[in-house]
Visitor: 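Questions regarding the structure given below will be posed in turn.
Worth saying up front: this structure is predicted, and the values here are computed from it rather than measured. What you see below is based on every heavy atom in this structure, not just the backbone, and it leaves out hydrogens, waters and symmetry mates.
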Amino acid sequence: MRSTTAAVDPSFLGSATSFSAAWGHKFPVINLQPVKFVGKRLTVACATPPSSFGRRALIYIATTSFLMPSPSFASATDENALLQEEIGKVLSKGRAAGLLRLVFHDAGTFDDADKTGGMNGSIIYELDRPENRGLEKSLKILEKAKVQVDAVQPVSWADLIAMAGAEAVSICGGPKIPVQLGRLDATVPDPVGKLPEETLVAAAMKQVFQKKGFSTQELVALSGAHTLGTKGFGSPTVFDNSYYKILLEKPWSASGGMSDMIGLPSDRSLGEDDECIKWISKYADDQNLFFEDFKNVYVKLVNSGAKWRSM
């Protein structure tokens, strides 16, 4: 894993030594060529830190990136290409489900009524919440890419996570999803209790998603992401419409065996709802339709609640 140490003009922030000391964590520096940014006196040296990975390191990197001015970049295409390249170095099909779950747990806190939560990188402050158990591993994977990107141009956790989820879908055979960059990171955690619980019935799920600005059709399309991973919907590393086909088959209805281990209670509940079953049937019959609708609702999800940097 890697970290970033920044030496900043004292008039801008104070010494790097005092900044590290304030966190109670020292970040060793290896002599590397500095990265110079236009318009501000800022020098960044990227170093390989100790092998231990801690939450303070994540927050340190997020804070440092937040303070860095954005340099002139050739184009948005170059910025996307840089992110895709570095994410590709740490991404594998076996890691795809975890990265996609990271997207849902960061963006899924959005509340349309008070405009809190959403795709803002606040997940780095929320790893101790029960619903986020296991996500630190996925963040550790992305942190390696973040350090490399930050050495060229600072990237927010929100942008990195949004792009990583799209790349995870693509590498597993799903649609290619365009992701706009420029999100700003939150500096505090989102309110608790905003993610939908896994035990909710379909009616409650629809209400929760409606409060986030999503229709029943969009709820069903997003749920198709459960085709990845170990929930029992087809191959764990293939993004396809197996989720919907298995929901129609209802293998958990059979007695005995491991069929009752397939899916979450909320997944099974969707197959019992008349409004949901209409879309489940459509996506089971037409994978291309599912891909198109998933692509569109993914873009909506990762833009929900986002605050954007000025260009």
Visitor: Using the side-chain contact (heavy atoms from CB on, under 4.5 Å) rule, take D112 and K211 through it: C-alpha gap first, then chi angles, then the decisive distance, then the call.
Guide: CA-CA 6 Å; D112 196 32; K211 291 179 181 179; 6.0 Å; no
Visitor: For the residue pair V103 and G165, what are the closest heavy atoms and their distance?
Guide: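 It is CG2-CA, 3.7 Å.
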Visitor: Taking all atoms of both residues into account, what is the closest heavy-atom pair of D106 and G121, and its distance?
Guide: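 D106 and G121 have their closest heavy atoms at OD2-N, 2.8 Å.
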Visitor: Could you tell me whether K282 atom NZ has more than 12 heavy atoms of other residues or ligands within 6.0 Å of it?
Guide: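 Atom NZ in K282 is not crowded, with 12 or fewer foreign heavy atoms closer than 6.0 Å.
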Visitor: Given 3.5 Å as the limit, does a donor-acceptor pair link the side chain of D185 with the main chain of A158, or not?
Guide: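 Checked: pair present.
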Visitor: Give me the one residue out of K307, K146, R183 that meets salt bridge (Lys or Arg N to Asp or Glu O under 4.0 Å) with D159.
Guide: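 Between D159 and the candidates, salt bridge (Lys or Arg N to Asp or Glu O under 4.0 Å) is satisfied uniquely by R183.
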Visitor: Mind checking whether Y244 and F290 have parallel, tilted or perpendicular rings, split at 30° and 60°?
Guide: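 Perpendicular: the ring planes of Y244 and F290 meet at over 60°.
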Visitor: So how far is it from C276 SG to K278 NZ, rounded to the nearest 0.5 Å?
Guide: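 Those atoms lie 10.0 Å apart.
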Visitor: Where do A202 and D273 come nearest, in terms of heavy atoms and distance?
Guide: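 For A202 and D273, the tightest heavy-atom pair comes out as CB-CB, 3.6 Å.
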Visitor: What I want to check is whether the side chains of T227 and D240 have a donor and an acceptor closer together than 3.5 Å.
Guide: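 T227 vs D240: donor-acceptor pair found between side chains.
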Visitor: Honestly curious: do L289 and V299 fall in one hydrophobic cluster under the side-chain, below-4.5 Å linking rule?
Guide: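 Yes, same cluster.
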Visitor: Would you compute the distance between atom CD1 of I277 and atom CG of L248 and round it to the nearest 0.5 angstrom?
Guide: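 Going from the CD1 atom of I277 to the CG atom of L248 covers 5.0 Å.
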Visitor: What distance separates R95 CZ from E167 CD, expressed to the nearest 0.5 Å?
Guide: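 Here the rounded value is 15.0 Å.
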Visitor: As an exercise, state the distance from CG of L135 to NZ of K137, rounded to the nearest 0.5 Å.
Guide: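 If I round to the nearest 0.5 Å, the distance is 11.5 Å.
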Visitor: Under 4.5 Å between side-chain heavy atoms, hopping through other hydrophobics if needed: is there a path connecting L142 to Y125?
Guide: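 As far as the 4.5 Å side-chain criterion goes, Y125 and L142 are connected within one cluster.
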Visitor: Given side chains that start at C-beta, do those of N241 and F294 come closer than 4.5 Å, heavy atoms only?
Guide: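 No. Closest side-chain heavy atoms not under 4.5 Å.
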Visitor: Indicate, with yes or no, if M163 and F104 share a hydrophobic cluster defined by side-chain heavy-atom contacts under 4.5 Å among Ile, Leu, Val, Met, Phe, Trp and Tyr.
Guide: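 Shared cluster, yes.
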Visitor: What is the minimum heavy-atom distance between K231 and D267, and which atoms define it?
Guide: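 Looking at all heavy atoms of both residues, the shortest contact is CD-OD2, 4.4 Å.
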Visitor: Report the distance from atom CG of L247 to atom OG of S242, rounding to the nearest 0.5 Å.
Guide: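 It comes to 10.5 Å.
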Visitor: Any side-chain heavy atom of L219 sitting closer than 4.5 Å to one from F214?
Guide: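 Side chain of L219 against side chain of F214, heavy atoms only: no contact under 4.5 Å found.
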Visitor: May I have the step-by-step check of side-chain contact (heavy atoms from CB on, under 4.5 Å) for L184 and N120, ending in yes or no?
Guide: CA-CA 6 Å; L184 299 175; N120 57 15; over 6 Å; no
Visitor: Could you tell me whether a side-chain N or O of K250 sits under 3.5 Å from a main-chain N or O of E272, the two making a donor and an acceptor?
Guide: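 No, because the side chain of K250 does not come within donor-acceptor range (under 3.5 Å) of the backbone of E272.
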Visitor: Check whether any side-chain heavy atom of I87 sits under 4.5 Å from a side-chain heavy atom of V149, and report yes or no.
Guide: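 Contact flag for I87/V149 side chains = no.
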Visitor: Do T109 and T116 touch side chain to side chain, with heavy atoms closer than 4.5 Å?
Guide: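 No, side chains not in contact.
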Visitor: Is K93 atom NZ crowded by more than 12 heavy atoms from other residues, nucleotides or ligands, each under 6.0 Å away?
Guide: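 Open.
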Visitor: Do P178 and K295 come within less than 4.5 Å of each other through their side chains, counting heavy atoms only?
Guide: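 Touching, per the 4.5 Å side-chain cut-off.
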Visitor: Is a donor on one side and an acceptor on the other found under 3.5 Å between the side chain of H105 and the backbone of E131?
Guide: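 Side chain of H105 to backbone of E131: a pair is present.
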Visitor: According to side chain to side chain donor-acceptor pair (under 3.5 Å), who are the partners of S170, at least two apart in sequence or on a separate chain?
Guide: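 With neighbours one apart ignored, the set is K176.
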Visitor: Can you find a pair of side-chain heavy atoms, one from N303 and one from M119, that are under 4.5 Å apart?
Guide: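 No, too far: nothing below the 4.5 Å cut-off.
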Visitor: Give the C-alpha distance, both sets of side-chain angles, the deciding distance and a yes or no for salt bridge (Lys or Arg N to Asp or Glu O under 4.0 Å) between R133 and E198.
Guide: CA-CA 14 Å; R133 187 177 295 111; E198 296 177 351; over 6 Å; no
Visitor: Linking I/L/V/M/F/W/Y whenever any side-chain heavy atoms sit under 4.5 Å apart, do L200 and L270 land together?
Guide: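 L200 clusters together with L270.
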Visitor: Check the pair L100, Y298 against side-chain contact (heavy atoms from CB on, under 4.5 Å), reporting the backbone distance first and the verdict last.
Guide: CA-CA 10 Å; L100 197 52; Y298 182 92; 3.9 Å; yes
Visitor: Could you tell me how the ring of F291 sits relative to the ring of F239: parallel (under 30°), tilted (30 to 60°) or perpendicular (over 60°)?
Guide: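 Because their plane-to-plane angle lies in the 30° to 60° range, the rings of F291 and F239 count as tilted.
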Visitor: Any link between I141 and L139 through a network of hydrophobic side chains (Ile, Leu, Val, Met, Phe, Trp, Tyr) touching at under 4.5 Å?
Guide: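 No.
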Visitor: Without swapping roles, check the side chain of S138 against the backbone of G134 for a donor-acceptor pair under 3.5 Å.
Guide: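 Flag not set: sc S138 to bb G134 has no pair under 3.5 Å.
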Visitor: For the residue pair S122 and V188, establish whether any side-chain heavy-atom pair is separated by less than 4.5 Å.
Guide: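 Contact flag for S122/V188 side chains = no.
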Visitor: What's the separation between atom OG1 in T216 and atom CH2 in W279, rounded to the nearest 0.5 Å?
Guide: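 Reported value, rounded in 0.5 Å steps: 10.0 Å.
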Visitor: Can you list the steps and then say if K212 with E218 is a salt bridge (Lys or Arg N to Asp or Glu O under 4.0 Å)?
Guide: CA-CA 11 Å; K212 299 179 184 300; E218 291 171 324; over 6 Å; no
Visitor: Kindly indicate whether the side chain of P189, heavy atoms from C-beta on, has any atom under 4.5 Å from the side chain of R129.
Guide: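 They are in side-chain contact.
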